[in-house]
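As structure tokens, the structure follows; a few thoughts come after it.
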Amino acid sequence: MKKKKFLLAGILLILVWTLCGCGGKAPSLTYDGSFELRLGKTKAGEVLDAGFTNLYSNINDRQIGSMSWENLYAMKGNVTYGTMYAGNKSSSEKGFRDGVIFRVIIEYDDPDYETGEILINGVNFEGYTREQVREAMSDFEITLDYGEYLVFESGKYEYSFAFSDGSETVTRISINDGTEAELTIG
């Protein structure tokens with residue numbers, strides 16, 4: 001009888017967790033229609049194996065310290081695919097390739113590099129206005145809409161859109177799963 005009560009309690013907890021949006025759905029980023037990055041799940045090694053290079057290639061052989069992170073500046077040729085943060089939540093060092101991507105920053109106004117095609121949950125936000133972003137993100141809760149920033153949340157996931165220098169279109173997007181608050185500087 002106790003097992004049934006615990007099982008029922010567990011099922012109810014999962015149901016409540018799902019209905020309240022706690023945790024949220026992990027963002028999916030699709031690069032050039034061929035590589036899917038699942039925030040909080042994809043490892044840096046998977047990004048490199050998909051043909052992306054790290055602008056600072058010497059980092060590929062480095063270790064990520066315990067409770068720390070390192071950046072991966074994802075490139076293909078002279079095209080940028082943003083800065084990815086590879087984290088290590090464990091109590092010991094791990095290889096850079098084993099770091100899990102927990103944050104991605106996409107810059108659309110980088111004067112040195114063209115930005116490749118990146119879909120966020122199926123949407124390419126390049127060139128989107130504030131109103132178009134609101135419409136595309138209508139299923140998410142707005143937590144900040146002020147000045148240069150428009151921020152949405154879905155459970156533990158945060159999507160931050162920036163419209164810098166008086167721009168009418170998105171110039172920067174940051175997506176994270178909250179891991180950064182748990183880590184120290186890499």
Side-chain angles (χ1 to χ4, degrees), residues 14 17-18 20-32 34-76 79-108 110 112-113 115-125 137 140-141 143-144 149-162 164 170-186:
I14 291 169
W17 186 270
T18 303
C20 78
C22 301
K25 182 181 175 197
S28 172
L29 289 86
T30 307
Y31 294 83
D32 286 335
S34 61
F35 177 72
E36 183 179 8
L37 184 147
R38 301 284 297 175
L39 207 61
K41 304 213 181 289
T42 301
K43 292 183 178 183
E46 294 174 76
V47 175
L48 298 170
D49 291 345
F52 295 89
T53 59
N54 190 354
L55 181 60
Y56 302 104
S57 60
N58 62 337
I59 201 168
N60 300 338
D61 298 326
R62 290 185 62 191
Q63 297 288 309
I64 302 175
S66 168
M67 297 304 293
S68 190
W69 53 269
E70 292 284 352
N71 293 343
L72 185 153
Y73 300 96
M75 302 284 293
K76 278 192 177 178
V79 178
T80 182
Y81 290 87
T83 304
M84 300 175 187
Y85 292 69
N88 173 11
K89 291 184 183 182
S90 75
S91 60
S92 60
E93 281 189 344
K94 70 169 53 171
F96 177 75
R97 294 179 60 86
D98 292 324
V100 176
I101 306 299
F102 66 89
R103 182 177 184 191
V104 174
I105 296 177
I106 303 161
E107 303 267 355
Y108 291 115
D110 185 331
D112 298 323
Y113 301 103
T115 303
E117 181 187 75
I118 306 166
L119 304 180
I120 302 167
N121 299 329
V123 177
N124 183 349
F125 286 97
M137 299 290 291
F140 298 85
E141 176 187 356
T143 58
L144 178 66
Y149 299 99
L150 183 55
V151 180
F152 299 85
E153 285 185 8
S154 173
K156 68 178 186 173
Y157 301 101
E158 180 182 82
Y159 301 77
S160 177
F161 296 82
S164 59
V170 173
T171 55
R172 182 177 193 253
I173 302 172
S174 174
I175 307 163
N176 73 75
D177 72 359
T179 296
E180 190 169 5
E182 302 173 33
L183 305 176
T184 57
I185 294 178

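Values below: every heavy atom of this structure, side chains too, minus hydrogens, waters and symmetry copies. Numbers for residues simply follow the sequence, beginning at 1. It should be emphasised that the depicted structure is a prediction, and the values quoted were computed from it without experimental measurement.
Partners of Phe125 according to the ring-ring contact (aromatic ring centres under 6.0 Å, His included) rule, which considers only residues two or more places apart in sequence or in another chain, are Tyr128, Phe161. Glu158 is linked by a salt bridge (Lys or Arg N to Asp or Glu O under 4.0 Å) to nothing, counting only residues two or more places apart in sequence or in another chain. Partners of Thr30 by side chain to side chain donor-acceptor pair (under 3.5 Å), not counting sequence neighbours: none found. The side chain to side chain donor-acceptor pair (under 3.5 Å) test applied to Glu153 returns no partner, not counting sequence neighbours. Scored by the side chain to side chain donor-acceptor pair (under 3.5 Å) test, Arg103 finds Ser174, Glu180 as partners (sequence neighbours excluded). With sequence neighbours left out, the side chain to side chain donor-acceptor pair (under 3.5 Å) criterion links Thr83 to no other residue. Take Thr80 and apply the side chain to side chain contact (heavy atoms under 4.5 Å, CB included) test, not counting sequence neighbours, and it matches Met75, Tyr113, Thr115. With sequence neighbours left out, the ring-ring contact (aromatic ring centres under 6.0 Å, His included) criterion links Tyr31 to Phe52, Tyr81.
Taking CG of Leu29 as the start and CE of Met84 as the end, the distance is 7.5 Å to the nearest 0.5 Å. In this structure, OG on Ser92 lies 9.5 Å from CD on Gln63, to the nearest 0.5 angstrom. Put simply, CZ on Arg172 and OH on Tyr149 are 7.0 Å apart, with the number rounded to the nearest 0.5 Å. In this structure, OH in Tyr159 is found 8.0 Å from CD1 in Ile120, a value given to the nearest 0.5 Å. Considering CD1 of Ile106 and CD1 of Ile175, their distance stands at 5.0 Å, rounded to 0.5 Å.
Looking only at distances, a side-chain donor or acceptor of Asn88 sits under 3.5 Å from a matching main-chain atom of Gly65. In terms of modelled atom types and a separation under 3.5 Å, the side chain of Asn124 and the main chain of Leu119 share no donor-acceptor contact. Between the Ser154 side chain and the Phe140 main chain, no donor and acceptor come within less than 3.5 Å of each other. With hydrogens and angles ignored, the 3.5 Å screen pairs no side-chain donor or acceptor of Ser66 with any backbone N or O of Glu93. Of the possible donor and acceptor atoms, one in the side chain of Asp177 sits under 3.5 Å from a partner among the backbone N and O of Thr179.
Using a 4.5 Å heavy-atom cutoff, the side chains of Asn176 and Tyr85 are not in contact. Within the 4.5 Å cutoff, no side-chain heavy atoms of Ile118 are placed close to those of Ile173. Taking 4.5 Å as the limit, every side-chain heavy atom of Met137 sits out of range of all side-chain heavy atoms of Leu150.
Residues Gly87 and Trp69 approach most closely at CA-CB, 4.0 Å, considering heavy atoms. Summarising the geometry of Ile64 relative to Gly95, their closest heavy-atom pair is CD1-O, 4.4 Å, with the distance given to 0.1 Å.
Within the structure, side-chain hydrogen bond (donor to acceptor under 3.5 Å, both in side chains) pairs that include any residue of residues 35-49 comprise Ser28-Glu36, Asp49-Arg97 (at least two apart or interchain).
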